[in-house]
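Since this is a predicted model, take the numbers as computed values, not measurements. Every number for a ligand or one of its atoms is a count from 1 in the order of the listing. All residue numbers in this chain count up from 1 along the given sequence.
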Amino acid sequence: MSKKIFIANWKMQLSPAEALKTAKDFVRTFKDFKGIAVVCPDFLSLAGVAKIFKNTPLLLGAQDVAAFERGAYTGEISALDLASYDTKYVLIGHSERRSYLQENDKLLAAKIRMALAQKIKPVLCVGENAAEKKQGREAAVIKAQLKGALNYLPNHGVRSLLIAYEPIWAIGTGLHCDPEKALRVKRTIEELCKRAGLKKTPILYGGSVTANNAADFLIPNGFDGLLVGSASLKADSFKNIVRL
Ligand code: PGA
């Protein structure tokens with residue numbers, strides 16, 4: 001059985017000083033960890049966290065990446081530079097970026113391409129909002145999001161894509177998705193990936209994951225990992241999810 005993947009998404013919740021302190025707590029807490037634990041700090045803290053994580057079992061992730069390699073792109077962060085800090089994963093198309101920053105499929109596909117070119121694993125986030133859920137349109141929405149991004153990607157380039165199913169109504173609300181329902185969506189995603197020629201695409205669940213519900217998503221044939229926001233801001237609570 002392959003190892004589960006646990007990703008901590010710190011969003012913009014911590015100041016750089018708090019992020020560095022929390023990163024040190026993580027290193028102490030995860031010093032003998034044998035699994036895959038990834039921390040995505042904000043960009044200002046990334047270099048500092050990279051230094052703290054050096055020679056530890058913790059991996060560095062980023063919350064976003066530029067759709068361009070290098071050049072006159074004010075405010076952007078290049079995959080080249082993320083790679084130089086040993087960034088291993090990057091979140092692409094988190095619902096907060098899709099909704100607040102109007103990120104679209106074409107842009108997300110370009111970001112995936114940039115990440116892959118630097119051997120950074122892209123984690124494409126998909127999920128329905130509350131209204132779409134009410135209409136029972138989960139599968140249609142996810143299909144559109146996945147197809148939307150994949151249409152812009154040549155097949156050969158997307159071998160190491162990961163997908164995070166994050167129902168938007170579950171993010172930061174304390175209302176996680178019913179695990180059985182989430183697993184039905186996972187099967188839909190698997191089917192779509194197969195049809196798109198993607199093999200072995202790890203599928204993660206995210207949305208109000210806590211130590212109380214994490215195990216329900218990780219049952220045999222369940223999700224391949226978890227993307228955690230609020231409960232990842234403290235080493236101890238993330239550790240309880242990862243269950244050392
Ligand atoms: P949450 O956030 O765990 O606080 O719901 C998850 C996410 O947005 O990735």
Any atoms of ligand 1 less than 4.0 Å from a non-hydrogen atom of [X]? List them with their elements.
X: His94; answer: 7 (C), 8 (O), 9 (O)
X: Ala170; answer: 5 (O)
X: Asn9; answer: 9 (O)
X: Gly172; answer: 1 (P), 4 (O), 5 (O)
X: Ser230; answer: 1 (P), 3 (O), 4 (O)
X: Gly207; answer: 5 (O)

### Task
Quick one: sort the Phe30 and Phe26 rings into parallel, tilted or perpendicular, breaks at 30° and 60°.
parallel
### Query
Between Tyr73 and Phe68, how do the two ring planes meet: parallel, tilted or perpendicular, split at 30° and 60°?
parallel
### Heavy-atom pair of closest approach, residues Val49 and Ala19
CG2-O, 4.4 Å
### Query
Which protein non-hydrogen atom lies closest to atom 9 (O) of ligand 1, naming both residue and atom, and how far is it?
Glu166 OE2, 2.8 Å
### Query
Nearest protein heavy atom to atom 3 (O) of ligand 1, by residue and atom, and its distance?
Gly229 N, 2.8 Å
Report yes or no: does a heavy atom of [X] sit under 4.0 Å from some atom of ligand 1?
X: His176; result: no
X: Gly206; result: no
X: Ala164; result: no
X: Ser208; result: yes

### Query
So does Lys234 have more than 12 non-hydrogen atoms from other groups sitting under 6.0 Å from NZ?
no
### Message
Could you check whether atom CZ of Phe43 has more than 12 heavy atoms from other residues, nucleotides or ligands sitting under 6.0 Å from it?
### Response
yes
### Task
Applying salt bridge (Lys or Arg N to Asp or Glu O under 4.0 Å) between Glu138 and each of Lys143, Lys133, Lys181, report the one that passes.
Lys181
### Query
So, Lys186 and Glu190, do they make that salt bridge, N to O below 4.0 Å?
yes
### Asp81 with Arg70: basic N within carboxylate O range, under 4.0 Å
yes
### Message
Is it the case that the side chain of Lys4 and the backbone of Val242 share a donor-acceptor pair, with hydrogens and angles ignored and the cut-off at 3.5 Å?
### Response
no
### Query
For ligand 1, is there an N or O atom under 3.5 Å from any N or O atom of Lys11?
yes
